[in-house]
Q: 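Handing you a structure now.
In what follows, every heavy atom counts, from backbone to side chain, and hydrogens, waters and symmetry copies are set aside.
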Amino acid sequence: MKQQEAFFQNDSCQIQKDETNGILEIENDQPFKPHYGNNFMFKFSDGQPQITIGPHWPLSLCVIFTIIVGTYFISTTIYLKSGIWYSLASILSGLILEISFLRVFLKNPGVNFTLTEVTRNEKSCQPCKLKKEQGTYHCYECDICVRGYDHHCPWVGKCIGEGNIMEFQLFLLSFLLFFVCNIFLVLI
C-alpha cells in the first residue's frame, strides 16, 4: 500500500512539474481527438482543415463590412468627380482588397491534426494533444498550436502562421494598392 502511495505521490509531483511548463507527456493508450481550440473548422481534406475561422470573427466581419462600405463611398465620390472609368478602377482595387482579405480570413494558418507517435520522453502540447514540433507555438487566443506562428491578428480574427502568411502579405500589399490607387483617383 505504501509503495502505491509513493508511486502516486511521485507521479503527481512529476505531473505538477510538467504542468508548470504547460506541457505534458501523452500516453500512447489515449485516443486522439482533434483539439479545435476557439476556432471553427470546415472542409477537411486528408484530416486537415481547409477553412478555419478564428475566435475574433465578429471583428473580421466589421472589417469586411468596412471594406465594402468604404469602397462604395470612395467610388461614388470618384464617380461624381471624375466619371465612370475612374470609379471602376476604385471598385476594382476594393474588390482585390476584399478577395485578399477573405483568403487570409478563411485559410488554415497552419493548424495540424496529424497525430505523430509520442513516446514517453517527448514533450507535447497538453491542450492540443500533439507532439511539439520545432517552430510550432500554442496561441492562447485561439487555444491551438500553429506551425510557423508569426502573430495573432485580431483584425483577421485568427493566427497568422505557415499556412496563411503568404495570403496575409498579399492582403497587406492589396491594402497598400487600394490606398494609393484611391488617393490618386481622388486627387485627379
Side-chain angles (χ1 to χ4, degrees), residues 34-114 125 128 130 133-188:
H35 176 73
Y36 298 131
N38 300 326
N39 297 287
F40 302 98
M41 300 186 189
F42 308 97
K43 193 178 174 197
F44 286 79
S45 174
D46 296 325
Q48 301 298 317
Q50 302 301 309
I51 297 174
T52 306
I53 298 175
H56 299 118
W57 62 267
L59 188 55
S60 299
L61 291 180
C62 291
V63 171
I64 291 169
F65 180 74
T66 303
I67 292 171
I68 292 169
V69 171
T71 300
Y72 172 76
F73 282 115
I74 291 171
S75 64
T76 302
T77 303
I78 293 170
Y79 172 72
L80 294 174
K81 184 178 178 185
S82 304
I84 187 77
W85 295 110
Y86 294 112
S87 179
L88 288 176
S90 174
I91 292 171
L92 181 64
S93 68
L95 186 63
I96 291 169
L97 179 63
E98 189 69 41
I99 290 170
S100 66
F101 181 80
L102 287 173
R103 285 181 51 96
V104 72
F105 171 66
L106 295 173
K107 189 153 185 203
N108 180 1
V111 176
N112 185 9
F113 290 136
T114 305
C125 177
C128 296
L130 291 173
E133 298 174 8
Q134 188 169 357
T136 301
Y137 178 78
H138 186 85
C139 174
Y140 292 96
E141 295 281 335
C142 291
D143 191 30
I144 202 154
C145 285
V146 178
R147 287 186 315 266
Y149 180 86
D150 188 61
H151 69 284
H152 180 86
C153 182
W155 301 104
V156 175
K158 63 179 170 185
C159 295
I160 304 301
E162 178 183 290
N164 65 354
I165 189 74
M166 183 66 89
E167 282 79 6
F168 183 73
Q169 291 169 346
L170 288 173
F171 166 66
L172 294 177
L173 187 62
S174 66
F175 181 75
L176 180 64
L177 171 77
F178 176 79
F179 184 75
V180 170
C181 176
N182 284 297
I183 290 291
F184 176 74
L185 291 171
V186 167
L187 294 176
I188 289 182

Q: Does K158 reach the side chain of N164, with side-chain heavy atoms less than 4.5 Å apart?
A: yes
Q: Tell me, with the steps shown, if D143 and H138 meet side chain to side chain contact (heavy atoms under 4.5 Å, CB included).
A: CA-CA 7 Å; D143 191 30; H138 186 85; 3.1 Å; yes
Q: Calculate, to the nearest 0.5 Å, the distance between atoms CG and CG belonging to L92 and L177 respectively.
A: 8.5 Å
Q: Could you grab the distance from atom OG of S60 to atom CG of L102, nearest 0.5 Å is fine?
A: 10.0 Å
Q: Report yes if some heavy atom in the side chain of I74 is under 4.5 Å from a heavy atom in the side chain of T77; otherwise report no.
A: no
Q: Under the side-chain hydrogen bond (donor to acceptor under 3.5 Å, both in side chains) rule, collect the residues that match up with E167, sequence neighbours excluded.
A: R103, K107
Q: Locate the shortest heavy-atom distance separating T71 from S90; write the atom from each residue and the value.
A: CG2-O, 4.0 Å
Q: Can you tell me how far the CD1 atom of I51 sits from the CG atom of N108, to the nearest 0.5 Å?
A: 10.5 Å
Q: When you measure from the side chain of S82 to the backbone of Y79, do you find a donor-acceptor pair of N or O atoms at a distance under 3.5 Å?
A: no
Q: S93: which residues meet the side-chain hydrogen bond (donor to acceptor under 3.5 Å, both in side chains) condition with it, sequence neighbours left out?
A: N182
Q: Applying ring-ring contact (aromatic ring centres under 6.0 Å, His included), which residue pairs with at least one partner in residues 142-161 are found, sequence neighbours left out?
A: H56-H152, Y137-Y149, H151-F168
Q: Can you confirm whether P109 sits close enough to T52 that some side-chain heavy atom of one is under 4.5 Å from a side-chain heavy atom of the other?
A: yes
Q: Side chains of E98 and I64: closer than 4.5 Å at any heavy-atom pair?
A: yes
Q: For the CD1 atom of I96 and the CD1 atom of I67, what is their distance to the nearest 0.5 Å?
A: 12.5 Å
Q: Quick one: CG on L95 to CD1 on I68, what's the gap to the nearest 0.5 Å?
A: 10.0 Å
Q: Nearest heavy-atom pair of S75 and Y72: which atoms, and what distance?
A: OG-O, 3.0 Å
Q: Measuring from atom CD1 of I84 to atom CD1 of I78, what distance do you get when rounded to the nearest 0.5 angstrom?
A: 11.5 Å
Q: Determine all donor-acceptor pairs shorter than 3.5 Å in which one atom belongs to a side chain in residues 37-45; sequence neighbours excluded.
A:
unit_1: N38; atom_1: ND2; unit_2: E141; atom_2: O; d: 2.9
unit_1: N39; atom_1: ND2; unit_2: Y36; atom_2: O; d: 3.3
unit_1: N39; atom_1: ND2; unit_2: C142; atom_2: O; d: 3.4

Q: Considering residues at least two apart in sequence or located in another chain, which fulfil the side-chain hydrogen bond (donor to acceptor under 3.5 Å, both in side chains) criterion with T136?
A: none
Q: With sequence neighbours left out, what residues match F171 under ring pair (Phe, Tyr, Trp, His ring centres under 6.0 Å)?
A: F101
Q: Hey, is the main chain of I160 close enough, under 3.5 Å, to the side chain of D150 for a donor-acceptor pair?
A: no
